[in-house]
Trainee: 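I'd like to ask some things about the structure below.
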Amino acid sequence: MTEPLEGAVTGESLAESVRAVRSTEPLVQTLTNTVTMNDVANCTLYWGALPVMADSPGDAAEMADLANALLLNTGQVPETKVEAMCEAGRRANERGIPVVLDPVGVGSTPTRQAVAERLLSELEFAVIKGNYGEISHLAGAEAEVKGVESVGEYDEIGETARALADATGATVVASGVDDIVADSESAVRVSVGHELMGEVVGTGCLLGATVAVFCGALELEGEGEGEGESEGEGTDGVEDDITAALHAALAYGIAGERATDGEYEGPASYRISFLDSIAGFTPQRAIEMDLEGRLERIV
């Protein structure tokens, strides 16, 4: 696995990423489904970024000309939104800003499969984030996706995520009981989160938003560090994507755990506590985190 991923796993480095989000306030454009749109926007805002949900043809590409990161979520795939995704993605690729794909429900219907294939063929992605079933399906491994949920056993998910990263050039985040962050060489298991996260619709979408937020912030920070340097020097965008994905998975899962410290009576009130926990995730809180045993290289 690349050195930045190995060296990124400290409370201090996580705090630096959280601080980068708050200081750069990246504009994150999201084309997502209407089921989770409001929570995705709030999640983006609570991390310290600026959400914009421009998802119409024409407007989507124009907004991508201003955004610092782009998230494409295929939870709903009407033809106009797919066209808008392609337009926005092409503009984002031209500008070199990170694009995150959340292939919701890929493999459950031929339409979703076709949409995912089109996006992967036409666009370049910094990160692909999906549940175990979605990532396995994209990698060509055996998978079962029921609606938008992953079911079944995925004992080889680390190798599967690594294979997808190798095939696409993207960092891969496979979400499940444990999250997997993989590049083309290796994969790391991230053991964070709480079981109640699985009882709330849309937590996968919120993880995708979190990844986009961190990608956008590190991209902006890298641009700042590169000022005054000659062409070809400065921060490596691929390394930024890996670090951003790992820190996003860590911060998101830990926020889910800390949400249980507040008052809640069930999944609905836990959802509110979870969003509040994201809003309260400060750099100082990251520094205080004990990450021992949280990460394990599995491939």
Trainee: Thinking salt bridges, do Arg162 and Glu185 make one under a 4.0 Å N-O criterion?
Mentor: no

Trainee: Whether the Thr36 and Asn33 side chains hold a donor-acceptor pair (N or O, under 3.5 Å, no angle test) is what I'd like checked.
Mentor: yes

Trainee: Check Phe274, Phe214, Trp47, Phe281 against Tyr252 for a ring pair (Phe, Tyr, Trp, His ring centres under 6.0 Å) and give me the one that passes.
Mentor: Phe274

Trainee: Got a donor-acceptor contact below 3.5 angstrom from the Thr168 side chain to the Ala170 backbone?
Mentor: yes

Trainee: When you check the side-chain N and O atoms of Ser273 and Glu263, is any donor under 3.5 Å from an acceptor?
Mentor: no

Trainee: Tell me every residue that passes side-chain contact (heavy atoms from CB on, under 4.5 Å) with Ile298, counting only those two or more places apart in sequence or in another chain.
Mentor: Ile180, Ala187, Arg189, Glu296

Trainee: The criterion is side chain to side chain donor-acceptor pair (under 3.5 Å); which residues satisfy it with Arg19, sequence neighbours excluded?
Mentor: Glu16

Trainee: Please list, chain by chain and in numerical order, all residues satisfying salt bridge (Lys or Arg N to Asp or Glu O under 4.0 Å) with Glu83, sequence neighbours excluded.
Mentor: Arg118

Trainee: Taking atom CD as the centre, does Glu288 end up with more than 12 heavy-atom neighbours from other residues, nucleotides or ligands that are less than 6.0 angstrom away?
Mentor: yes

Trainee: I'd like to check the salt bridge (Lys or Arg N to Asp or Glu O under 4.0 Å) partners of Asp179; sequence neighbours left out, ordered by chain and number.
Mentor: none

Trainee: Charged N to carboxylate O below 4.0 Å: is that the case for Arg294 and Glu257?
Mentor: yes

Trainee: Other members of the hydrophobic cluster containing Leu66, with the 4.5 Å side-chain heavy-atom rule, please.
Mentor: Leu27, Leu50, Val52, Met63

Trainee: If only atom types and distance count, is the side chain of Ser184 paired as donor or acceptor with the main-chain N or O of Asp166 below 3.5 Å?
Mentor: no

Trainee: What pairs with Arg91 under salt bridge (Lys or Arg N to Asp or Glu O under 4.0 Å), at least two apart in sequence or on another chain?
Mentor: Asp65, Glu94

Trainee: Given 3.5 Å as the limit, does a donor-acceptor pair link the side chain of Asp241 with the main chain of Ala244, or not?
Mentor: no

